[in-house]
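Below is one structure; the comments refer to it alone.
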Amino acid sequence: MSQSYIDLHLHTLFSDGISTPEEVAKEAHNMDLAAIALTDHDTIEGCQRQAEACVEYGIEFIPGTELSTDIQGHEMHLLGYFLDIENEELIRETTRYQENRTNRVHDLVQQLNSIGVGLHADQVFDLAKCKAPGRPHVARALVKHGFCGTTDEAFTRYLRKGAPGWTPKVNAPFEEGIRLIHQAGGIAVMAHPGLNKIDHLIPDMVRAGLDGIECWHSKHPKSTTKRYREMAARLGLLSTGGSDCHGPGKGHPIIGTVRVPYEILDEMKRRLPRVSSNMQI
Ligand code: AMP
Ligand code: ZN
Ligand code: FE
Ligand code: FE
């Protein structure tokens, strides 16, 4: 049998992606993917629709999220996989994460106003139309209302860390994020470590219950993937991967372009407590 591939890091318009769950499923089908996970920022709202759309195409679906957490003052994106999307605590707690995002948009707009950029928070919310607004929505609003020519320019001039509009967001403690994912039956994975530069904190994360590292990512060069795969094996962690596709962007969507072999998903399933107990019955 030929090799099957998966993509375990995808966004829709339920956070800062620009595609619907149905469009994502269609693109996954076009890329001949065997399985995908939805990992919208701080929400699981799109998972039900994504699951239904995947059934249509015969694609295996893993419900997930990407929680914004804080570890020792660093922002750390924590991926959760195989979540029970009806878990009450997960539904309740993610609304708190979403409140942090909404508050951050207000703070960010205030900061922009203080440097002479007259954007209104409502212009961001009207465009975002979701419960997990983020900087990409602010960037799109800046373009729509004529403050910038492109979203890239919006990030460079105003929104990237260190730029005059930069505003931090309050993030939940990393340990809370781990616990929230675990109590919902999921496994917790450190997202895009190559972008975070906090490798020195990985031993602390493992002690707090981290299950895996996202080794494949669209912004990881091959050497970075190799380095993290070796690190994961050494620490007894899972290796996972995905594109972090947010939609078509400037051209074709990048879904499926990071070639993650299906066997990775088998490893993840072996780590799941409820799967192993089911197998004993
Ligand atoms: P937030 O979670 O609101 O801080 O926004 C983070 C998101 O912004 C990331 O998931 C990326 O999708 C996007 N992003 C971060 N930095 C940039 C950048 N320099 N240019 C374009 N998009 C970016
Ligand atoms: Zn994003
Ligand atoms: Fe991220
Ligand atoms: Fe992401």
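For the numbers below, each heavy atom of this structure counts, side chains included, while hydrogens, waters and symmetry mates do not. Both ligands and their constituent atoms are indexed starting at 1 by order of listing. This structure is a prediction, so every number in the text was calculated from the model and none was measured.
At least one donor-acceptor pair closer than 3.5 Å links the side chain of Glu23 to the backbone N or O of Thr20. Of the possible polar contacts, none joining the Thr43 side chain to the Asp40 backbone as a donor-acceptor pair under 3.5 Å is found. Panel note: side chain Arg259, backbone Gly256; a donor-acceptor pair is recorded below 3.5 Å. Put simply, the side chain of Arg160 gets close to the backbone of Thr156: a donor and an acceptor are under 3.5 Å apart.
Checked against the 6.0 Å centroid criterion, the rings of His145 and His120 do not qualify as a close aromatic pair. Aromatic ring centroids of His74 and Phe174 lie 6.0 Å or more apart.
At the top of the distance list for atom 15 (C) of ligand 1, counting protein heavy atoms only, stands Phe155 CE2, 3.7 Å. Of the protein's non-hydrogen atoms, Arg104 NH1, 3.6 Å is the one closest to atom 1 (P) of ligand 1. Of the protein's non-hydrogen atoms, the one nearest atom 2 (O) of ligand 1 is Arg101 NH2, 3.0 Å. In this structure, the protein non-hydrogen atom closest to atom 10 (O) of ligand 1 is His41 NE2, 3.3 Å. For atom 8 (O) of ligand 1, the nearest non-hydrogen atom of the protein is Pro136 CG, 3.3 Å. At the shortest separation from atom 3 (O) of ligand 1 among protein heavy atoms lies Arg135 N, 2.8 Å. Looking from atom 11 (C) of ligand 1 to the surrounding protein, the closest heavy atom is His246 NE2, 4.3 Å.
In this structure, Lys169 is part of the shell of residues with a heavy atom less than 4.0 angstrom from ligand 1.
Atom NE2 is the N, O or S atom of His246 at the shortest distance from the Zn ion (ligand 2). Taking the Zn ion (ligand 2) as reference, His41 places its N/O/S atom NE2 nearest.
Between the side chains of Asp7 and Ser243, at least one donor N or O sits under 3.5 Å from an acceptor N or O.
At a cut-off of 2.8 Å, His11 is not counted among the residues with an N, O or S atom near the Zn ion (ligand 2). In summary, Glu66 places an N/O/S atom under 2.8 Å from the Fe ion (ligand 3), meeting the contact criterion. Here Asp16 reaches the Zn ion (ligand 2): one of its N/O/S atoms is less than 2.8 Å from the metal. Put simply, His77 gets within reach of the Fe ion (ligand 3), with an N, O or S atom under 2.8 Å from it.
For ligand 1 and Gly134, the ligand atoms under 4.0 Å from any heavy atom of the residue are 3 (O).
With a 4.0 Å heavy-atom cut-off, ligand 1 is reached by the side chain of Asp16 but not by its N, CA, C or O.
For Lys169, the NZ atom is densely surrounded, since the number of other residues' heavy atoms within 6.0 Å is greater than 12.
Summarising the geometry of Gly194 relative to His220, their closest heavy-atom pair is N-NE2, 2.9 Å, with the distance given to 0.1 Å.
The aromatic rings of His9 and His217 sit perpendicular to each other, their planes meeting at more than 60°, with 30° as the lower class boundary.
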